[in-house]
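What follows is a short report on a single structure.
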Amino acid sequence: MIENLVIVESPAKAKTIEKFLGKDFRVISSFGHIRDLSKKNLGIDIEKNFTPYYEIPKEKAKVVSELRKAAASAGTIWIASDEDREGEAIAWHLACVLNLDLSKTKRIVFHEITKEAIAQALDNPRQVDMNLVNAQQARRILDRLVGFEISPVLWKKVQPALSAGRVQSVAVRLIVEREREIISFKTESSFRINAVFNTDRLNGKNFLIRAEASKRFPGEKEAKEFLELCDGAEFKIAGISIKPGTRSPAPPFTTSTLQQEAYRKLGFSVAQTMAVAQKLYEAGKITYMRTDSTNLSKLALAQSRKTIISGFGEKYSRTRQFRTRSKGAQEAHEAIRPTYPNIVTIDGNQNEKKLYELIWKRTIASQMSDAEVEKTTISIEMNNSPVIFTASGEVVKFDGFLKVYTESTDLENGDEEKSIIPPVTQGMLLYYDNIAATQKYTTPPPRYTEASLVKKLEELGIGRPSTYAPTISTIQNRGYVMRQDRQGEKRPAKVLTLSRGRITSSSKTEIAGKEKSKLFPQNIGMIVNDFLNENFSEIVDYHFTAEVEEQFDEIAVGNLKWTGMLDNFYKPFHKTVENTLEKKDRRTGTRYLGNHPETGEPVSVRMGRFGPVAQIGDASDGNKPRFASLTKNLLLETITLEEALNLFRLPRTIGEYQGDEMITGIGKFGPYIRHRGKFYSMKKGVDDPYSITAERSIEIINEKNENDKKKIIKDFGDIKVLKGRYGPYLVKGNQNYRLPKGTEADKLTEDDCIKIINKNNKSKKSA
DNA sequence: CAGTGAGCGAGCTTCCGCTTGACTT
């Protein structure tokens, strides 16, 4: 018998809290929600006023039985789930499942994990707030209705196993619409003028000033004319402005900003960031990593202050509390921060160390003084043109928080060069050293990265800290979008240079459209998006979540009945579902591209059973049509007749090697050469299946065979011991097997291998 | 790891938000 049982959501939190409480307390965790709507059917009885059917999912059975056992032998039960809508629902489900009397159940919330805060919580128990619980039920049921009524429409009208939802469908929409902006973007170019001035005509002891003209010139001709003007011009400093300014630190991390910075500074994917943060949290090194709050506890503020003063001095400390600005924030947790701000570095693997350091810097910087800067701008006028040149520079007078941390931006920064401006005076004459007119192209809006998509979703109030990473995974798993690279294309950029009275012309090549790990919409994503836009515009509207959230808030304060709210939503929504099922055609994304230049047969593209496909000819003519799959980066929406016809040139025979044919093609994993039934991948960016020579192909085949030979540690015919990425492993047929820990691979006999394989097969079956 | 594109038709797929393991080519 335990006197007191406290139930929290997270086991790591349970562990810490238990330390603060005496022997009369036991703290256990529910591991999040313990019940959910039944997975079979809809899980909601719509006729009976949206009565939900809750079930304890299989994977929660063990936790629940342990909770029941603990509850049965406890004196007082305190439910300390998080202080937000979901936490309140967890408290209610716990009370239901553990057969607790709601009027007697003690509901408490911790605002920070300190002895005083916990004592204060225990002194102020309240009851479960049913209005808040009902707001959660409305949220949950609405999401189920949207997801489970629209997805089956997609199975019928587009393709099986697809999905739609309040969050994921908007995420896809953002990516598709951005892609279309990029597709329709018209690149233009103009000439930018950059000058290097001398303070002295002679090349003696002087200063250089870099400045840019306020005007850009549309074409080469205009740029050249301006340079000619510059050659005869007198340049004079017309004005100097020195402005003091301050820069302030960014607020401490939330889930979303951590994901963005970890991507920008460390190159982590959203899922990777969360996995590493989870490890740090479990080790007690940082506070909870799924939060929308920028709030820091009093303890954290005090400790940060102490750390800053002892490390950098009093001058660098400025205690601040940041207001959380994001839409729909529920602030059940603190910002993400080091548990002990005085600990600068930690033990752990490289990624853990790097992420911890980032969190430490961000937290500490947020509690430091503003930086003081001095921005100098000088304007340089010409006596024969109204064009003004400006040079600007920034000098940091006091570094403040910059001593430890600067936030990165998403923009590919580059050409804006901030230099130190030399001591000059108004009216001073300057002499050009050189003036260059460089062709600059406009760039389309950037594609989303995983992290910038999270940022956008957060701005729209769509999704929660616990779902950002899973949502990004879902839309990739469904094939709606993919993380891809693009090599980019070369394009010429003209440069005209004026130096010593002469204008020379040259051209440099730059790479445009190079992309690394960006989110690209896939054909099926675009088809589904268009279908949803056309038929369910309300659901994929960017404001839909915000609007229903307002109603959930009304339910939470008791101003709105949750069943009535659902009824208002469901009636017209369900009608739309039925109408769409009844009246709309299947959507295949078919486009007719034109006729074959030789045979005159129609050429079209569409979404086929196995993905996007190009087709020559028509089955109704009695002839058999020819088919070819679209390659990865081709879109049904933009493919041209030429590109479609090109697809039919593969696979092709390019010659013989050792008496057998070599055939090139493009498969699921890119361009390949097939020889004697084996596939050899071509090198990305080097080889091209349309133009590769027989000699080069033989080179690739030999290289791959050599490498495969090196991988073999032991060869028993059917069974082999190979060297893999994670160390040695076994192969039999097309099955891989792990070796037991501590096995010496090079001493294995065939019998040993058979034993390992049999053992592995057995344990797989029993699992 | 890499073909496919006729059709038959049963049975399956799916949401968002809270939490961690268990599992690894």
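All values reported here derive from a predicted model rather than from experimental measurement. A note on names: the letters A, B, ... follow the listed sequences, proteins ahead of strands, and every chain is numbered from 1.
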Query raised in the report: 5'-most contact on DNA chain B: A:Ser163 or A:Arg606, nearest heavy atom basis?
Result: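 Checking each residue's closest nucleotide, the 5'-ward one belongs to A:Arg606.
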Query - Ring-face cation of A:Arg144 near A:Phe148 (centre distance under 6.0 Å, axis angle within 45°) - result: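 Relative to the ring axis of A:Phe148, which defines the angle, A:Arg144 lies inside both limits.
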**Report entry** Distance under 6.0 Å and angle within 45° of ring axis: A:Arg166 vs A:Phe544
**Finding:**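 Relative to the ring axis of A:Phe544, which defines the angle, A:Arg166 lies outside at least one limit.
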Requested in this report: To the nearest Å, give me how far apart CG (A:Asn477) and P (B:dC16) are.
Outcome: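 After rounding, the reported distance stands at 13 Å.
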[X], nearest nucleotide to its side chain (from [options]):
X	options	answer
A:Ser681	B:dC18, B:dT20, B:dA2	B:dA2
A:Tyr288	B:dA6, B:dT20, B:dT19	B:dT19
A:Tyr672	B:dT20, B:dC15, B:dA2	B:dA2
A:Glu86	B:dT4, B:dC18, B:dC16	B:dC18
A:Pro160	B:dG5, B:dT13, B:dT20	B:dT13
A:Ala161	B:dT13, B:dC15, B:dC18	B:dT13
A:Phe610	B:dT20, B:dG5, B:dC16	B:dG5
A:Pro152	B:dG5, B:dT14, B:dT19	B:dT14
A:Phe31	B:dT4, B:dC16, B:dT20	B:dT20
A:His333	B:dT19, B:dC18, B:dC15	B:dT19

Query - Exceeds 12 heavy-atom contacts within 6.0 angstrom, atom NE2 of A:His543 - result: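 Counting other residues, nucleotides and ligands, NE2 of A:His543 stays at 12 neighbours or fewer.
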Query raised in the report: Would a distance-only check, ignoring hydrogens and angles, find a side-chain to backbone donor-acceptor pair under 3.5 Å from A:Thr471 to A:Thr467?
Result: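 Looks like yes, one N/O pair under 3.5 Å.
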Requested in this report: Evaluate the salt bridge (charged side-chain N to carboxylate O under 4.0 Å, His left out) criterion for residues A:Glu55 and A:Lys40: first the C-alpha distance (whole Å), next the side-chain angles of each, then the deciding distance (0.1 Å), finally the verdict.
Outcome: CA-CA 10 Å; A:Glu55 278 179 0; A:Lys40 286 171 252 145; 3.8 Å; yes
Query raised in the report: Stacking here means centres under 5.5 Å and planes under 30°; does A:Phe148 stack on B:dC15?
Result: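 No, A:Phe148 does not stack on the base of B:dC15.
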Query raised in the report: Is there a stack between A:Trp155 and B:dT14, judged by ring centres under 5.5 Å and planes under 30°?
Result: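 By the stated criterion, A:Trp155 and B:dT14 do not stack.
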Requested in this report: Decide yes or no, distance alone: a donor-acceptor N/O pair under 3.5 angstrom between the base of B:dC18 and the side-chain of A:Arg290.
Outcome: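 Looking at the base of B:dC18, it does not pair with any donor or acceptor on the side chain of A:Arg290 (distance under 3.5 Å).
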Query - Quiz item: A:Arg144 side-chain donor-acceptor pair to B:dC16 base, under 3.5 Å - result: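 Counting by modelled atom types and ignoring angles, no donor-acceptor contact under 3.5 Å is found here.
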